[in-house]
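Comments concern the structure below.
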Amino acid sequence: MGRVRLATWNVNSVKARLPRLLDWLETTGPDVLCLQETKVGADGFPTEEVAALGYAVAAHGEGRWNGVALLSRVGLDDVVRGFEGDPGWGGEPTGEEGLFESPRIEARAVSATCGGVRVWSVYVPNGRTPESAHYTYKLRWLDVLRSHMVDELTRTDQLVVCGDFNVAPTDADVFDPAAFAGATHVTAPEREALAALLAAGLRDVVPAPMKGPNPFTYWDYRAGMFHQDKGMRIDLFYASPAIAAAVKTATIDREARKGKGPSDHAPIVVDIDV
DNA sequence: ATGTCATCCAGCGGATGA
């Protein structure tokens, strides 16, 4: 019994962010951290550096793009990299929306059991534009993820799926809905994919901003967007009802978006009583 | 909003992706 601290952070390269990541681990002390956009292959993850702080690592990477990982100091069991039915990306279109001949499976999901909680770290495809094949890939990927959440919930009531979903759930989750006309991240099908995850039995644990009214987790590097708080809530922390009910605090650590060499995303930190 | 950043390959800059 006690407090468990779970967190998720799109670091936009674990190598480029390593000094900041190590600092943040020391000061914040999450028990479990989900990482996205690590951008390193299997042998490139700084395993020893985080092990020195007491964390076991389950990394799933492919090199230049994507890449996810789980760090835990409360156990790391039954690690699964990727998931059955991942549609993959690339190759020749088959004619069926979002499906390709000989696609390459990308490193976008890793799951493990940490201190009794089943935890998934996910990096949902961006979608690029609503007309793009990448967009149909995104929707298909989210639907297969949903089917796995249904399965997971039959096995456990202690489930967390968090990460960069690349979808803003509502218009209140972007700085200006008009600025996103015709863009991905805000379309009805993407939001319906999130709604389907909730309908499968998950809860959206909405974190509190440290400052201001907006629960944004991402701000573009360009044009002073962060300083104007022109951001988006696209990093999400979804949890089973039992976990959601045990949440004591959920916060967006916007301090981690400040200063020299930040990621363009801020971490979400969630404390639960177990 | 297109004003930045990270990465790769082939090299010191352009292409790609976000």
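Computed from a predicted model, the values in this text were never measured in an experiment. Every chain is numbered from 1 and lettered A, B, ... according to where its sequence line falls, protein lines coming before strand lines. Scope of the values below: all heavy atoms of this structure, side chains included, with no hydrogens, waters or symmetry mates.
- None of A:L139, A:L142, A:V124 except one satisfies the side chain to side chain contact (heavy atoms under 4.5 Å, CB included) rule with A:E190; the exception is A:L139.
- Think of A:M210 as one node in a network of Ile, Leu, Val, Met, Phe, Trp and Tyr side chains linked at under 4.5 Å; it has no links at all.
- Taking every heavy atom of residues 43-50 of chain A and every atom of DNA chain B, no pair lies under 4.0 Å.
- If you look at A:F83 and A:W141, their ring centroids are closer than 6.0 Å.
- Here the P atom of nucleotide B:dC5 and the CE atom of A:M225 are 14 Å apart, to the nearest Å.
- Listed by chain and residue number, nothing satisfies the salt bridge (Lys or Arg N to Asp or Glu O under 4.0 Å) test with A:D86 (two or more places apart in sequence, or in another chain).
- B:dA15 and B:dG3 have their P atoms separated by 16 Å, with the value rounded to a whole Å.
- A:P130 and A:Y135 get closest at one heavy-atom pair: O-CD2, 3.3 Å.
- Distance check on atom P: B:dA1 versus B:dG17 gives 24 Å, rounded to whole Å.
- Taking the centre of each ring, A:F226 and A:F216 stay at or above the 6.0 Å mark.
- Rounded to whole angstrom, the span from the CD atom of A:Q228 across to the C1' atom of B:dG3 amounts to 11 Å.
- Listed by chain and number, the residues in a salt bridge (Lys or Arg N to Asp or Glu O under 4.0 Å) with A:R146 are A:D143 (sequence neighbours excluded).
- Computed from coordinates, the A:Q36 CD to B:dA6 C1' distance equals 17 Å when rounded to whole Å.
- Taking atom P in both B:dT16 and B:dA10, one finds a spacing of 14 Å when rounded to whole Å.
- Annotation: of the two residues near DNA chain B, A:A223 and A:G63, the 5′-most nearest-nucleotide partner is A:A223.
- An OP1 or OP2 oxygen of B:dA1 is reached within less than 4.0 angstrom by a side-chain nitrogen or oxygen of A:K230.
- For the pair A:L21 CG and B:dA6 P, the computed distance is 14 Å after rounding to whole Å.
- Mapping A:A16 and A:D176 onto DNA chain B by nearest heavy atom places A:D176 at the nucleotide closer to the 5' end.
- A salt bridge does not link A:D31 with A:R5: every distance from a Lys NZ or Arg NE/NH1/NH2 to an Asp or Glu carboxylate oxygen is 4.0 Å or more.
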Tabulated below should be each protein N or O lying under 3.5 Å from an N or O of nucleotides 16-18 of chain B; please produce it.
residue, atom, partner, partner atom, Å
B:dA18, OP2, A:R128, NE, 2.8

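- Scored by the salt bridge (Lys or Arg N to Asp or Glu O under 4.0 Å) test, A:D204 finds A:R233 as partners (sequence neighbours excluded).
- At whole-Å resolution of the value, NE2 in A:H185 and P in B:dT2 are 18 Å apart.
- Of the C1' atoms belonging to B:dC12 and B:dT7, the separation is 15 Å, rounded to the nearest Å.
- Under 4.0 angstrom from either OP1 or OP2 of B:dC5 there lies no side-chain N or O belonging to A:S13.
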